Amino acid sequence: MGEFDLIERIRQRTAQAREDVVLGMGDDAALLNVSAGQHLVAATDTMVEGVHFLRGTAPADLGWKALAVNLSDLAAMGATPTWALLNLTMPAADATFVDGFADGFAQLARMHKLALVGGDTTQGPLSITVTALGVLPDGQALTRAGAQVGDALLVTGTLGDAVAGLRCLDRQHPDADALLQAPADTREFLLERLRRPTPRLAAGRLLRGVASACIDISDGLLVDLEHIGRASRVAAEIQLDRLPRSAALNAVFDAETAMQFALAGGDNYELCFSITPTKVHDAIADLSRLGCRATRIGRINAGSGVRVLDADGNEVHPRQRGWEHFRS
Ligand code: ADP
Ligand code: MG
């Protein structure tokens, strides 16, 4: 099994026809058509074994997630995904791994008619980089920069599930035994949120022209809200008791831990967005029609930074704010 056999396996398993692909995998570069009046939207994310995922993670879950985290970035811009590039570095030419990986990748790609148009396959420590490309009508991107003082802050879905799932896998943690006692379907829900995140693409598109700023919560709510604050030159205020938590999270973890996960847990891939207060009601109803829950969690104020308030309106200072590389 050599490099070219592996590439061929990937090509076969991910095949997806698109009229805007003039030339896909197989030549020195791909040729793609972007219609007039559209932006080409590009995002890339790397996942490294031992940093972003545990050794032994199922290949199909890795394939799904490597694409999902990128599609989540496109969702946060309001874009429609079209094509992707896949850079796969692995220790050995393992056909079983590559087949599983390609199947998981293709499963999500087909849901969005996304075509894999190129990449690179190399030997080395397991590391995966996907570059997702998409399109968006000119001038309609949702960015981090448009939040206005007085806007409401909302999030899609529930917070903290993925980091809770990760904790369920940690055999060394003092709570490991207690977590094993949790009902299987509850644990499975949390693990599924870790392994197979659902990028909020339909929600992102719906929010075009509706939200004033948007970000996906990949590093944790607090950290990602700080990004909106900096880019928009505003402050954010959120209410702890409003953070949406799943029944599974509440069932398995004590209130304090669940709250901390919801506030600062990474790997969330929900959207956090600001919106003028008069549009909140309709936006929640429209998102709900897409099957996407949305919850008002706070507001945008003048100033800078993110304030967290408890149910009595007192400011609290969370121990952990989120995930950042190169920071100990
Ligand atoms: P080059 O030597 O020109 O970089 P490669 O031999 O690396 O070409 O790749 C051959 C073709 O296969 C190229 O079109 C490349 O984009 C594609 N390709 C290589 N690896 C992957 C991969 N992991 N996923 C998708 N396409 C790939
Ligand atoms: Mg190459």
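Everything quoted here is computed from the prediction, not taken from an experiment. Both counts, for ligands and for their atoms, begin at 1 and track the order of listing. No hydrogens, no waters, no symmetry mates; every other heavy atom, side chains included, goes into these values.
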- Query: Would K113 and E19 pass as an ion pair if we require N to O under 4.0 Å?
  - Reply: no

- Item | I10 N/O under 3.5 Å from ligand 1 N/O | no

- Message: Under a 3.5 Å threshold, yes or no: a donor from one side chain and an acceptor from the other, between S127 and T89?
- Response: no

- CG of L86 to CZ of F105: how many Å apart, nearest 0.5 Å? 5.5 Å

- Item | Proximal candidate to atom 12 (O) of ligand 1 [heavy atom criterion; set I7, L116, L23, T129] | I7

- Output the distance between atom CD1 (I217) and atom CZ (R200), rounded to the nearest 0.5 Å. 10.0 Å

- May I ask you to check if ligand 1 and V117 share an N or O to N or O distance below 3.5 Å? no

- Task: Please could you name the atoms of ligand 1 that G26 approaches to less than 4.0 Å, counting only its heavy atoms?
- Result: 11 (C), 13 (C), 14 (O)

- Message: Within the 4.0 Å heavy-atom shell around D28, which atoms of ligand 1 are there?
- Response: 3 (O)

- Side-chain touch P199/Y269, heavy atoms, less than 4.5 angstrom: no

- Task: Can you sort out which atoms of ligand 1 are near F4, meaning under 4.0 Å from one of its heavy atoms?
- Result: 6 (O)

- Item | Numbered atoms of ligand 1 (with element) below 4.0 Å of D27, judged on heavy atoms | 13 (C), 14 (O)

- Message: Whether the side chain of D224 engages the backbone of L221 through a donor-acceptor N/O pair (distance < 3.5 Å, no angle test) should be reported.
- Response: no

- Query: When rounded to the nearest 0.5 angstrom, what is the spacing between OG1 in T121 and CE in M90?
  - Reply: 5.5 Å

- Query: Given T122, N87, T121, which one has a non-hydrogen atom that is nearest to atom 21 (C) of ligand 1?
  - Reply: T121

- Query: Which is closest to atom 4 (O) of ligand 1 in terms of heavy atoms, T14, D120, V98, V130?
  - Reply: D120

- Output yes when a side-chain donor or acceptor of H112 lies under 3.5 Å from a complementary backbone atom of L114, and no otherwise. no

- Item | ligand 1 contact by R11, heavy-atom criterion under 4.0 angstrom | no

- Message: So if I count the atoms of ligand 1 from 1 in the order they appear, which ones are less than 4.0 Å from some heavy atom of E3?
- Response: 6 (O), 7 (O)

